[in-house]
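Structure record follows, encoded as structure tokens.
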There are 2 protein chains.
Amino acid sequence: MISEVEKIFSEFLEKKDLKLTSQRRTILHQAVKARGHFSAEELLGFSKGADRTISKATVYRTLALLKDSGTLEEHDFGGGKKLYEKAQGRRHHDHFVCIRCGKIIEFENDQIENLQDLEAKKQRFKVVYHSLKLFGFCSSCK
Amino acid sequence: MISEVEKIFSEFLEKKDLKLTSQRRTILHQAVKARGHFSAEELLGFSKGADRTISKATVYRTLALLKDSGTLEEHDFGGGKKLYEKAQGRRHHDHFVCIRCGKIIEFENDQIENLQDLEAKKQRFKVVYHSLKLFGFCSSCK
DNA sequence: CTTGATGCAAAGTGTTTGCAACTTA
DNA sequence: TAAGTTGCAAACACTTTGCATCAAG
């Protein structure tokens with residue numbers, strides 16, 4: 001069976017005259033089935049598990065496509081490396097990041113979103129995307 | 001005359017048994033007088049202007065101290081390099097980042113801050129600092 | 001004079017790229 | 001079979017670190 005994400009990704013590729021290779025399909029599947037936030041290195045690990053020949057370069061190149069197609073979202077929670085998470089079919093949310101144990105907690109808050117829109121209007125700024133991260137100590141670490 | 005920032009920074013160093021060297025003083029002054037957001041590389045340039053012998057390594061090492069002492073704040077607006085801005089004696093603010101021209105616009109919004117506090121309370125999370133960035137097109141670019 | 005700081009260059013880290021061989025549409 | 005894709009290794013950009021020398025307290 002062909003999943004919804006795969007359909008969306010393949011249509012994205014087609015529209016740009018790009019090809020759906022076996023490597024891209026493997027990486028897509030691994031990225032979508034991973035839970036939580038993962039790094040490029042981790043995704044390479046997952047993908048190698050399914051196809052030993054997949055290279056780091058292909059993972060990075062595919063990650064860019066998955067981001068552009070809206071399949072994944074990229075986050076920088078500090079610590080040098082970027083993290084990714086499934087975005088397709090999920091509602092927008094923001095994050096708490098525990099600076100002791102590294103735990104990431106998601107939350108949705110429409111009131112904050114609305115105030116951001118108002119602020120943008122005030123500044124005549126056209127927001128494309130945003131990032132709100134609250135760093136501190138989670139309930140187990142504080 | 002000894003400025004307020006210098007006093008705070010030297011007390012910070014003293015408390016940790018670190019020394020206030022001429023290089024640290026120079027870098028501090030350049031960082032504090034720079035307006036807007038600047039990179040480590042730019043700060044190295046400013047500092048070299050005042051003292052040709054200052055090295056990249058010392059700038060990076062001092063930047064860490066300026067951050068820890070609350071003199072500067074570090075931001076990652078994407079684009080690979082971190083940017084810094086004076087924090088001492090300034091009120092907290094967030095940023096719009098134009099993804100076309102790179103312009104950074106600051107704003108303060110207490111309502112958003114309050115809602116963040118409420119959300120943190122709900123999650124039993126102790127927030128130490130946060131970052132809100134709205135990416136998109138500024139009024140001249142949209 | 002003891003301990004920490006500096007400059008230099010080398011080493012790291014995560015990510016990107018050039019290229020010849022190879023798939024996909 | 002044309003055009004995009006891959007794996008490999010080298011290249012990159014930014015930042016950090018080891019070490020012998022130097023300076024602050």
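Every value quoted in this text rests on a predicted model; they were computed, and no experiment measured them.
- Nucleic acid contact for B:Ser22: none, since no nucleic acid atom lies under 4.0 Å from a heavy atom of the residue.
- Ring to ring, B:Phe107 and B:Phe96 are close: their centroids are under 6.0 angstrom apart.
- In this structure, A:Asp51 places its CG atom 11 Å from P of D:dT6, rounding to the nearest Å.
- Remark: C1' of C:dT2 and CG of B:Asp17 are 12 Å apart, rounded to the nearest angstrom.
- Checking C:dT15, D:dG4, C:dT24 against every side-chain atom of A:Thr21, the shortest atom distance belongs to C:dT24.
- Closest to the side chain of B:Tyr60, out of C:dG14, D:dC14, D:dG25, is D:dC14.
- Of the two residues contacting DNA chain C, namely B:Leu65 and A:Glu41, the nearest-nucleotide position lying further toward the 5' end is that of B:Leu65.
- A:Leu83 has its CG atom 9 Å from the P atom of C:dT15, to the nearest Å.
- B:Leu63 places its CG atom 14 Å from the P atom of D:dC14, with the value rounded to the nearest Å.
- Separating the CG atom of A:Leu44 from the P atom of C:dT15 is a distance of 11 Å, rounded to the nearest angstrom.
- Taking a cutoff of 4.0 Å between a charged side-chain nitrogen and a carboxylate oxygen, A:Arg91 and A:Asp110 qualify as a salt bridge.
- With D:dG7, D:dT5, C:dT6 as the candidates, the nucleotide lying closest to the side chain of A:Ser55 is D:dG7.
- The nucleotide whose nearest atom lies closest to any side-chain atom of A:Ala57 is, among D:dA24, D:dA9, D:dT5, D:dA9.
- Comment: A:Glu41 engages A:Lys81 in a salt bridge, judged by a side-chain N to carboxylate O separation of less than 4.0 angstrom.
- Each of B:Ala40 and A:Thr62 was matched to the nucleotide of DNA chain D holding its nearest heavy atom; the match closer to the 5' end belongs to A:Thr62.
- Between B:His95 and B:Phe77, the ring center distance clears the sub-6.0 Å criterion.
- Rounded to a whole Å, the NZ atom of B:Lys81 is 14 Å from the P atom of D:dT16.
- No side-chain donor-acceptor contact under 3.5 Å links B:His92 and B:Glu73.
- When heavy atoms are screened at a 4.0 angstrom cut-off, B:Thr53 is found touching the sugar-phosphate backbone but no base atom.
- Atom CD in A:Gln23 sits about 7 Å away from atom P in C:dT24, given to the nearest Å.
- The side chain of A:Lys19 lies closest to D:dA2 when the candidates are D:dG25, D:dC14, D:dA2.
- D:dC14 atom C1' lies 8 Å from atom NZ of B:Lys56, rounded to whole Å.
- The base of C:dG7 is paired with the side chain of B:Arg61 by a donor and an acceptor separated by under 3.5 Å.
- In this structure, of C:dA9, C:dT15, D:dT6, it is C:dT15 that holds the atom nearest to the side chain of A:Lys82.
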